[in-house]
Amino acid sequence: MKKLKILTISALFCSGLLAGCSSIVTHETQELEVLTNPETCSITITDDKGNKVFEGYTPAKVELNKAHGYFEGCVYDIHLEKGGFQPQDLVVKSKNTSWYVFGNTLNVFIPGWISVDPKMRRMHELTPAKVEVQMVPME
């Protein structure tokens with residue numbers, strides 16, 4: 001019985017070594033929430049390669065990729081329009097998560113830094129995760 005506990009603990013420990021901190025706690029995608037005042041503004045989101053990834057109306061919740069590939073985060077352009085109001089353009093960028101930076105630093109997990117988290121596309125987070133825009137009336 002004691003050997004089984006030791007074996008179980010050892011297996012859990014070893015499996016923890018095979019994953020980076022961000023890979024354990026985060027996902028490849030993240031929900032971006034876009035709110036406007038007034039509501040029902042048309043919204044178009046394009047990625048940094050010019051591909052349209054979403055088109056609709058506010059309020060909107062959109063599931064977006066956080067990374068393109070190995071060490072390559074995403075950048076999204078958001079265009080908002082509504083009749084009688086000035087169009088608004090915003091940018092949402094990905095940055096390294098605190099799990100990636102501090103988690104891998106604290107446990108000195110080199111594979112998490114250079115291999116596991118970047119390859120699993122989980123080292124980034126979109127900022128801001130919630131966008132609130134006050135539309136400006138045309139003069």
Side-chain angles (χ1 to χ4, degrees):
M1 189 62 120
K2 192 173 185 177
K3 287 182 181 181
L4 182 61
K5 284 184 181 180
I6 292 172
L7 185 61
T8 302
I9 291 170
S10 298
L12 289 172
F13 178 75
C14 290
S15 66
L17 291 177
L18 297 175
C21 285
S22 289
S23 299
I24 295 169
V25 234
T26 65
H27 302 282
E28 287 182 37
T29 61
Q30 180 179 333
E31 183 178 85
L32 172 70
E33 184 175 9
V34 181
L35 304 171
T36 58
N37 186 15
E39 293 183 341
T40 65
C41 295
S42 70
I43 176 175
T44 305
I45 301 175
T46 55
D47 64 16
D48 49 357
K49 296 182 179 178
N51 301 316
K52 190 181 295 184
V53 294
F54 179 79
E55 194 168 36
Y57 294 93
T58 61
K61 290 184 179 180
V62 184
E63 196 74 20
L64 298 171
N65 290 325
K66 299 185 295 183
H68 292 301
Y70 192 66
F71 283 108
E72 187 180 353
C74 292
V75 177
Y76 294 98
D77 294 314
I78 302 171
H79 181 75
L80 300 164
E81 286 186 2
K82 185 171 179 88
F85 292 87
Q86 296 177 11
Q88 300 282 331
D89 291 304
L90 309 155
V91 176
V92 173
K93 298 179 181 181
S94 53
K95 66 172 193 164
N96 291 342
T97 67
S98 54
W99 285 107
Y100 173 73
V101 175
F102 298 114
N104 286 322
T105 300
L106 289 175
N107 68 11
V108 193
F109 191 58
I110 302 302
W113 272 107
I114 60 174
S115 179
V116 178
D117 289 340
K119 283 186 179 179
M120 293 185 76
R121 299 180 183 180
R122 294 182 178 187
M123 65 182 277
H124 295 96
E125 66 184 340
L126 297 174
T127 57
K130 182 177 184 179
V131 175
E132 297 180 64
V133 178
Q134 177 67 44
M135 299 298 285
V136 179
M138 295 234 186
E139 295 181 21

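All figures in this text were calculated on a predicted structure; none of them were measured in a lab. Counting from 1, the numbers follow the sequence of the chain as shown. Side chains are part of it too, since the values below use all heavy atoms of this structure and drop only hydrogens, waters and symmetry mates.
- Under the rule for a side chain to side chain contact (heavy atoms under 4.5 Å, CB included), the partners of N51 that lie at least two apart in sequence or sit in another chain are D47, K49.
- Summarising the geometry of Q30 relative to A129, their closest heavy-atom pair is NE2-CB, 3.3 Å, with the distance given to 0.1 Å.
- In this structure, Y76 and N65 have side chains that are in contact, with non-hydrogen atoms separated by less than 4.5 Å.
- Heavy-atom minimum distance, T40 versus Y57: O-CD2, 3.8 Å.
- Here E63 pairs with T29 under the side-chain hydrogen bond (donor to acceptor under 3.5 Å, both in side chains) rule; sequence neighbours left out.
- Rounding to the nearest 0.5 Å gives a distance of 11.0 Å between OG1 of T44 and CG of D77.
- Although no hydrogens or angles enter the test, the distance criterion places no donor-acceptor pair under 3.5 Å between the side chain of T58 and the main chain of V34.
- Taking Ile, Leu, Val, Met, Phe, Trp and Tyr as members and joining any whose side-chain heavy atoms lie under 4.5 Å apart, directly or through other members, the hydrophobic cluster of V91 also contains V75.
- Nearest heavy atom pair, residue S94 against residue C74, reads OG-N, 2.7 Å.
- Proximity of I43 to I78: side-chain heavy atoms (C-beta onward) are separated by under 4.5 Å at one or more points.
- Qualifying side chain to side chain contact (heavy atoms under 4.5 Å, CB included) partners for E39, counting only residues two or more places apart in sequence or in other chains: P59.
- For residues 128-139, no residue pair satisfies the salt bridge (Lys or Arg N to Asp or Glu O under 4.0 Å) rule, not counting sequence neighbours.
- Distance CD1/I45 to NE2/H79: 12.0 Å, rounded to 0.5 Å.
- Considering only residues two or more places apart in sequence or on other chains, E33 meets the salt bridge (charged side-chain N to carboxylate O under 4.0 Å, His left out) condition with none of them.
- Residues F85 and M138 approach most closely at O-CE, 3.4 Å, considering heavy atoms.
- With rounding to the nearest 0.5 angstrom, the NZ atom of K82 is 10.0 Å from the CG atom of N37.
- Linking Ile, Leu, Val, Met, Phe, Trp and Tyr whenever their side-chain heavy atoms come within less than 4.5 Å leaves L32 and L35 in two separate clusters.
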